[in-house]
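Take a look at the structure set out below.
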Amino acid sequence: MNKNIFITLIMSVLPLGAMAQKQFTLKSPDGKIETAITVGKTVEYAVSHGGDRMLNPSQISMTLDDGTVWGENPKLAGSQTKTVNTTIDAPVYKRRQIKDQFNELTLKFKGDYSLIFRAYDDGIAYRFIATGKKPFIVRNEQVEFNFPADAQLFVTYANQPEDTPLDRQFENSFEQPYFHVPISEWNRKRYGQTPIVAEGTNGKKICITDADLLNYPGMFMYPADKANALKAVFAPYVSKEEQSTSDNAAHVNAVQRENYIAKFDGATAFPWRAAIIVETDKQLADNDMVYRLASPSQGDFSWVKPGKVAWDWWNAWNLHGVDFKTGVNNETYKYYIDFASKSGMEYVILDDGWSDGKKADLLYVVPEINMQELIDYAKSKNVDIILWAGYSGFYKDIEKVCKHYSAMGVKGFKVDFMDRDDQTVVNFHYRAAEIAARYKLMLDFHGTYKPTGLQRTYPNVINFEGVHGLEQMKWNAKDDQVTHDVTIPFIRQVAGPMDYTQGAMRNATKSNFRAVYSEPMSQGTRCRQLAEYVIFESPLSMLCDAPTNYEAEPECTEYIAQVPTVWDNTVALNGEIGKYVSIARQTGDVWYVGSLTNWDARELELDLSFLGEGNFTGEVFRDGVNAASVARDYKKETIDIPANRKLKIAMAPGGGYVVRISKK
């Protein structure tokens, strides 16, 4: 055994007739995190950080359809350890290279299964491995997180009406605000969605999520039967589907579910169950755990091209000062293409409407659109086209749709309204990614669960929704989006990129915001919208507002157009969940630093020591002196970065700040 793995094995002496316990201790490379694994009548693990207990003993098992229970009266057949210290290349991410350092313990059991535990400096993860060759069915998986106290949680519930039975909450769009409640006050009428953050001792946090989810249902959470504990809940297997007959025919409803959660033909690796542990909130705002745990990509993805997208749907195709009727037609989209071309943006999206949604036939194009003409016109302007696709039309024949539109010159699809994460839909995401990659097509999964690492396995999967984004402001006047904006960088974004769709040029204070569907606005200041292009990770980043609104704001538009969407490096500077956040991101020799606050006006001192030696200048967009009452008020200015690298900034209520830093 390699002594550098930090593994210890203890054999417990028990009374005659009792099952001997085997105890393993797995430590993180820096020694701060310690995972105690016990193999006796059951398999349990407990986690400490710097001597602080983060998780009490929590049981692991998996029940098969034939009654076999992996992890119950287990028969240990052997164990292996290894240590890894390498780097991961990440071409479409928030940094070019990721440090991948961990200690690993594999427990092999009789009965064709294993358990793998990993300890990183920022958390632990484990997964089951099925090693047999015969088909099998998983009835359920036992995943527990037992906390040492009634932990305060940041949790988002399934977005179904509260009176919806629990077994029907597996169909939802994964777009809800966060609640801050102790486990004991969890709304037991609702399932919770991962990631979930729990508060631990001494200000530490633990973030729970799943990773490398490829052919298995996603992980919902619910209070366990015992106090201070959460358990995982999984969507049952869907054996019958039907296209929705409602107005939104893009949906495919699960009309029959089985009494099990997944089925397999043979050996398989199950998803990782991850517990990310941090000492400060800002560490959650810059975490790589999900990406590290994901399956590596295979093949050449150098053709994947991140960038900005001029988007039509949020602003309801509204243009002003033009001499044609705006809407889903070639005249409108040529205007969008001209705008994208002049601004240096890479893409224009044709959202819902270019194909008849009720037909669920993506090869049918409405008469108002000449698709080939638009694609060719865009190419002449150095712009490419992305198409919206409803799930029902896309999944019926992914190959035919991808082949057809790739040949025409389309560069990707925004696939929408999956609204589930059972095994059938999770497998669809993988198949769609694989097929689209063959035709060099990018995918933006909208109306779906949070990312779990597929963006590493298939880098052409360039973005995900699974977030309460700016689109909610078209119809939702009651939710506090400003507070949500300074919550999601520490929770939802831990899982991966977000199709949040920022960029509003109509901005409102707390008192004068209202929901307007056709001419929507944002909560908070103009500079907040600008800073979100730095704070939020989004390799395919939308410009949600109308081209004519951007053309009336050339300074802001020029800034948005040139902000990168992937980065060479990222540094989280400060933050507190639900209050404020500051993040710095690097591209080449240039750094972008963004900050957001909640509804409290705030002054911060940013530590820019990461800049290193030299003299630097900054192009700043900050809240104007009247931004607290006129949210669109901003000031653009050029500053010298202080030699001591301490930059003092101020933000209005609901405000933001962004600076582009370069060497003189």
Side-chain angles (χ1 to χ4, degrees), residues 60-66 68 70 112-116 125-143 170-171 174 193-194 209-220 232-241 252 254 256-274 290-299 391 394-396 398-399 415 418-438 443 445 447-461 464 466 495-496:
I60 297 170
S61 72
M62 185 172 285
T63 303
L64 307 188
D65 200 46
D66 64 1
T68 302
W70 293 344
D112 295 332
Y113 72 98
S114 300
L115 267 169
I116 300 177
Y126 75 86
R127 79 189 314 176
F128 275 99
I129 303 288
T131 57
K133 297 180 180 179
K134 295 180 180 179
F136 67 99
I137 289 175
V138 177
R139 186 176 293 275
N140 204 3
E141 181 183 354
Q142 182 181 17
V143 181
F170 296 117
E171 297 192 51
F174 303 90
Q193 299 164 174
T194 53
T209 195
D210 44 355
D212 207 27
L213 181 70
L214 299 176
N215 185 24
Y216 197 79
M219 190 167 69
F220 287 82
V233 182
F234 301 93
Y237 184 82
V238 175
S239 55
K240 184 178 180 181
E241 298 176 303
V252 177
Q256 182 174 310
R257 293 182 181 270
E258 301 300 323
N259 63 351
Y260 55 85
I261 63 174
K263 60 181 183 179
F264 300 92
D265 293 329
T268 192
F270 294 92
W272 292 98
R273 288 33 181 120
V290 171
Y291 197 98
R292 290 189 307 237
L293 290 171
S295 296
S297 63
Q298 304 292 327
Y391 171 52
F394 198 69
Y395 95 113
K396 286 192 297 187
I398 305 170
E399 183 95 30
V415 189
M418 283 70 74
D419 292 346
R420 290 162 32 205
D421 70 347
D422 49 65
Q423 186 185 28
T424 300
V425 169
V426 170
N427 181 263
F428 157 78
H429 285 70
Y430 183 89
R431 289 190 303 108
E434 181 183 34
I435 294 169
R438 292 207 299 266
L443 295 178
F445 285 126
T448 193
Y449 54 91
K450 88 284 180 182
T452 59
L454 186 59
Q455 66 274 26
R456 179 186 177 191
T457 311
Y458 281 97
N460 61 311
V461 179
F464 301 78

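Atoms considered below: every heavy atom in the structure, side chains included; atoms not considered: hydrogens, waters and symmetry mates. Only a predicted model underlies this, so the values are computations on that prediction, with no experimental measurement involved. The first residue of the sequence shown is numbered 1, and numbering continues consecutively from there.
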May I ask you to test the [X]-[Y] pair for a side-chain heavy-atom distance under 4.5 Å?
X: Arg456; Y: Ser295; value: no
X: Val425; Y: Tyr395; value: no
X: Thr448; Y: Phe428; value: no
X: Tyr391; Y: Asp419; value: no
X: Leu64; Y: Val138; value: yes
X: Phe174; Y: Met418; value: no
X: Thr194; Y: Lys450; value: yes
X: Lys134; Y: Asp112; value: no

Those residues that, when tested against Tyr430, pass ring-ring contact (aromatic ring centres under 6.0 Å, His included) (two or more places apart) |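 With neighbours one apart ignored, the set is Tyr458.
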What's the verdict on side chain to side chain contact (heavy atoms under 4.5 Å, CB included) for Tyr449 and Val426, showing C-alpha distance, side-chain angles and the deciding distance?
-> CA-CA 9 Å; Tyr449 54 91; Val426 170; 3.7 Å; yes
Could you please spell out the steps behind the side chain to side chain contact (heavy atoms under 4.5 Å, CB included) verdict for Gln423 and Phe264?
-> CA-CA 10 Å; Gln423 186 185 28; Phe264 300 92; 3.8 Å; yes
Check the surroundings of atom CG in Asp265: do more than 12 heavy atoms from other residues, nucleotides or ligands lie under 6.0 Å from it?
->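 At most 12 heavy atoms, drawn from other residues, nucleotides or ligands, come within 6.0 Å of this atom.
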Give me the atom names and distance for the closest heavy-atom approach of [X] to [Y].
X: Ala262; Y: Pro217; answer: CB-CD, 4.1 Å
X: Thr457; Y: Ala294; answer: OG1-CB, 4.3 Å
X: Pro451; Y: Gly496; answer: CG-CA, 3.6 Å
X: Ala254; Y: Val238; answer: CB-CG2, 3.6 Å
X: Leu293; Y: Trp272; answer: O-NE1, 3.3 Å
X: Ala437; Y: Asn460; answer: N-ND2, 3.4 Å

Centroid-to-centroid, Phe270 to Tyr113, below 6.0 Å?
->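 Phe270 vs Tyr113: aromatic centres not under 6.0 Å.
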Determine, stepwise, if the pair Thr268 / Asn215 fulfils side chain to side chain contact (heavy atoms under 4.5 Å, CB included).
-> CA-CA 9 Å; Thr268 192; Asn215 185 24; 5.6 Å; no
Look at the side chain of Ser114 and the backbone N and O of Ile129, then say whether any donor-acceptor pair between them is shorter than 3.5 Å.
->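 Between the backbone of Ile129 and the side chain of Ser114 there is no qualifying donor-acceptor contact (under 3.5 Å).
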To the nearest 0.5 Å, what is the distance between [atom1] ([X]) and [atom2] ([Y])?
X: Phe170; Y: Asp421; atom1: CZ; atom2: CG; value: 8.5 Å
X: Glu141; Y: Met62; atom1: CD; atom2: CE; value: 3.5 Å
X: Ile398; Y: Glu434; atom1: CD1; atom2: CD; value: 9.5 Å
X: Tyr260; Y: Asp65; atom1: OH; atom2: CG; value: 7.5 Å
X: Tyr216; Y: Thr452; atom1: OH; atom2: OG1; value: 13.5 Å
X: Arg273; Y: Met219; atom1: CZ; atom2: CE; value: 5.5 Å

Inspect the contact between Arg257 and Asp422 and indicate whether a charged nitrogen and a carboxylate oxygen are less than 4.0 angstrom apart.
->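 Arg257 and Asp422: salt-bridged.
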Partner set under salt bridge (charged side-chain N to carboxylate O under 4.0 Å, His left out) for Glu258, not counting sequence neighbours |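 Glu258 satisfies salt bridge (charged side-chain N to carboxylate O under 4.0 Å, His left out) with no residue once adjacent residues are dropped.
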Partners meeting salt bridge (charged side-chain N to carboxylate O under 4.0 Å, His left out) with Asp212 (sequence neighbours left out) |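 Partners of Asp212 under the salt bridge (charged side-chain N to carboxylate O under 4.0 Å, His left out) test: Arg127.
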